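Worksheet: the structure to be examined is printed underneath.
Predicted, not measured: the structure shown is a model, and the values here were computed from it.
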Amino acid sequence: MPASWLLSRPRTSSAPGATGGLEAPAGAVMRAKSAFEAESFQPPGGGGVLRKSARTAAPASGAVRIWCRRRWLAKVENDISAHPCPEVSLGDLVPEEGEEFLAGSWGGMRRPLPLSQPEMSSLQELCSGLPLQPLPENRGRWTGVPHAPIRTPGLSPAEEQLALKNALRYFPPAVQKQLAPEFAQELRLFGHIYMYRFCPSIEMRAYPIQQYPCRTRAAAAIMHMIMNNLDPAVAQFPQELVTYGGNGQVFSNWAQFRLTMSYLSKMTEEQTLVMYSGHPMGLFPSSPSAPRLVITNGMVIPNYSSRAEYEKLFALGVTMYGQMTAGSYCYIGPQGIVHGTVLTVLNAGRRYLGVEDLAGKVFVTSGLGGMSGAQAKAAAIVGCIGLIAEVDKAALMKRHKQGWLMEVTDSLDHCIERLREARKKKEVLSLGYHGNVVTLWERLVHELDTTGELLVDLGSDQTSCHNPFNGGYYPVQLGFREAQSLMASDPTAFKGLVQESLRRQVSAINRLAEENFFFWDYGNAFLLEAQRAGAAVEKKGANKTEFRYPSYVQHIMGDIFSQGFGPFRWVCTSGDPQDLEVTDQLATAVLEEAIARGVNPSVKQQYADNIRWIREAAKHRLVVGSQARILYSDQKGRVAIAVAFNQAIAHGTIKAPVVLSRDHHDVSGTDSPFRETSNIYDGSAFCADMAVQNFVGDAFRGATWVSLHNGGGVGWGEVINGGFGLVLDGSQEAEQKARMMLGWDVSNGVARRCWSGNRKAYEIICQTMQENKGLVVTLPQEVPDEQILQQALRQ
């Protein structure tokens, strides 16, 4: 029986020498004369008494802990198995005289810390810097978890030596001789130095904020977010520090992770931690109003921002690909893309099929790994039939075990049989096909050509085509393991097979599109890479951001961005599901009140979709990792929701700070000509002023942390994007920051889209200016008579 739950509670006292702990709101603490005088706790409703074997002085950090493991600070004499509950919360423990607890539940203890090696780290140890005396045991790669594909950076001998030197500079000379051979071996075997020896043995997950040994709430919230990004239940390749997308790094190596956690534990309100592509440059003096963390990822000089250069620079340890929310510490698991896919498929049904009810309609796509794993659940939520192909059986079975994928099969015959049956019954179904999506598309063509029956209505692709030659897309000609082997041994041959496979996939899609079937690019660079492979995706007379099939931004989501709607999200740092339930209720009430006051029909539709989403999200148990939620909202909605949350925290209805964030894939956050800005037609789609200005503007308007990235979604060198985190702690200052920063974070992008000629953006920014007299935006003048352009150019 597991006996390893950790309860941790910060003290409000600031005794001399105390370096940790968080101040609690007034009245939130039941005080007594000493933190460690009580000898036992009696759980209500029976069960064993938790006793301490002796009085123990409070640790220097100021964090009072009960470790339900016999080896640690406060010994528990009885077996934890005597306790009848699988979880421990504050409500299960009655504080006797001498104890102090933060009021409210210690939620988030959703699973016990596993009993493992004797040297298992605590959070305190994790934040103490690099363990050097002695060095931790090198256990190498874990078994039983997915690992990143082997990279092939093509370093010269001199570059290999430089990569090794760069890695060793994190460590003193006394241990370099021991570490150098194993780092060199990692570079040769895996194409990168991950420093597996320093991968912590603590269970990696988003612990409740009060357990982190920090001097500021902001730092504890950031730690909560970082560890969520690396939670094996969340991360795609956790030991390689990849959260999603095949190569979306949180850090480049484990030394960077440990140093970052150490800096955060020491940081004050007058310091800012600066991150250079995963590397913690250090703590720099700043002001309480400044961001506590500033992140840049992949900021390579434009002429050198190529894929080939990236592989070398990453192997050297000097840059990294942070994707979007991986390297900005704001990923919330696949829930985010579930929501986006729900809205995308709903709106695709409205636009292409002219229906609100998708019962009996078939959506075919591919990918069940990182973000793409959301597609099965989205199909179930919208009520259609989802058929998703995946070559990696481990990824497919992970989604099946989660309950996100209803059925799995490796038989194309069974796929076709189930499609026919589900269409006839209008059954809600998510079916995972273990095989290559190209074979699935070609089989659908075969059925059409031989029976005349079109078995698919909507289609897309969510393979990681931004990274097609390093594990993001697997060619149909090879099995999964064969492809991985060829990828490492002969990258040129592998690339040729990938491009041939892309041509075959497009050929099948083109045949189906001759009928009443609709396909869109889901922003993963599928059509861009297909074009580069020579597939028939050209659109005659179009500009270079347009293809035979639209991007989902161009046809489905673009108008949403122009109205200021985008993926707004929050994380309850208590880790308590009850807090998330409260935020769901508050957000729903805000949107319902807005509808009741009156909004235009298109805004009402978006609000209604998101109210439906929140209700469905709770029902479908979409939380993986941190207690988080996402919805699409405009500027008014975001600000109103933030204010409601902050007030609830101040009143104790929500028990701990809430982190506000968003996907970088948003109104203002990303300049990406083949995705977020693909529907901007004034020639500025390839310009990145909006994303850079957003990063800077968020920083001085109150964001707790900000990030700016090269790459994300469609790939390295194809996009500039940024994001933020904002900690709501119930203070008036937090509310003011939320109002100011969230207003800019939306209006910036709406103004840019207005200037490009988008009529909906024009209407929204004019309305916002009327409501906020401090906002004055340059509006474009129309050129109603385009003949004057032609006449002028003929002169």
Side-chain angles (χ1 to χ4, degrees), residues 87 107-114 144-146 203-209 224-239 241-246 248 250 323-326 328-342 367-381 386 388 390 392 394-406 430 432 462 464 567-581 583-584 613-631 658-659 661-663 665:
E87 296 182 346
M109 308 301 287
R110 68 186 192 284
R111 56 182 186 269
L113 297 175
V145 298
E203 184 188 18
M204 194 68 68
R205 62 185 177 92
Y207 290 83
I209 188 174
H224 181 94
M225 302 290 281
I226 288 173
M227 293 189 73
N228 185 69
N229 272 24
L230 294 170
D231 183 338
V234 173
Q236 186 178 12
F237 305 125
Q239 212 180 2
L241 303 108
V242 172
T243 300
Y244 70 92
V250 187
Q323 266 284 359
M324 289 190 166
T325 53
S328 66
Y329 319 146
C330 294
Y331 191 61
I332 59 168
Q335 178 188 169
I337 192 63
V338 172
H339 180 240
T341 305
V342 164
L368 286 166
M371 292 179 69
S372 59
Q375 298 182 105
K377 179 59 76 175
I381 291 174
I388 307 100
E390 172 58 61
D392 183 355
L396 182 140
M397 296 310 298
K398 177 180 179 179
R399 300 307 177 195
H400 185 50
K401 289 176 182 176
Q402 283 178 335
W404 287 31
L405 194 60
M406 296 177 184
S430 58
Q462 271 202 44
S464 294
F568 180 59
R569 56 180 61 170
W570 60 88
V571 175
C572 298
T573 64
S574 66
D576 189 342
Q578 290 181 350
D579 275 354
L580 183 60
E581 185 177 346
T583 62
D584 283 350
W613 156 257
I614 291 177
R615 290 170 177 159
E616 291 290 327
K619 184 173 72 177
H620 286 275
R621 296 181 299 166
L622 290 172
V623 169
V624 178
S626 59
Q627 293 294 317
R629 185 70 75 227
I630 185 173
L631 59 78
V658 170
V659 174
S661 185
R662 58 164 169 74
D663 196 345
H665 165 68

Looking only at heavy atoms, what is the nearest atom pair of G367 and I388, with distance?
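What the structure gives for the nearest pair is O-CG2, 3.4 Å.
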
Between I630, I332, V659, L580, which is the residue that forms a side-chain contact (heavy atoms from CB on, under 4.5 Å) with W570?
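That would be L580; it is the only one of I630, I332, V659, L580 passing the side-chain contact (heavy atoms from CB on, under 4.5 Å) with W570.
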
Any side-chain heavy atom of [X] sitting closer than 4.5 Å to one from [Y]?
X: N229; Y: V234; result: no
X: R569; Y: T325; result: yes
X: Q627; Y: D576; result: no
X: Y329; Y: T243; result: no
X: V571; Y: N228; result: no
X: S626; Y: M225; result: no

Got a sec, which residues hit side chain to side chain donor-acceptor pair (under 3.5 Å) with T341, two or more places apart in sequence or on another chain?
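Per chain and number, T341 pairs via side chain to side chain donor-acceptor pair (under 3.5 Å) with Y522.
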
Are the side chain of [X] and the backbone of [Y] linked by a donor-acceptor contact shorter than 3.5 Å?
X: D231; Y: G625; answer: no
X: Q335; Y: V623; answer: no
X: E390; Y: L368; answer: yes
X: S430; Y: A380; answer: no
X: Q462; Y: Q375; answer: no
X: R205; Y: A233; answer: no

Under the rule for salt bridge (Lys or Arg N to Asp or Glu O under 4.0 Å), what residues qualify as partners of R621, not counting sequence neighbours?
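Salt bridge (Lys or Arg N to Asp or Glu O under 4.0 Å) list for R621, sorted by chain: empty.
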
First locate atom NZ of K377, then atom CE of M406, and finally report the distance between them rounded to the nearest 0.5 Å.
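Interatomic distance, K377 NZ to M406 CE, rounded to 0.5 Å: 7.0 Å.
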
Relative to each other, are the rings of Y331 and Y244 parallel, tilted or perpendicular (30° and 60° limits)?
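Ring orientation of Y331 relative to Y244: parallel.
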
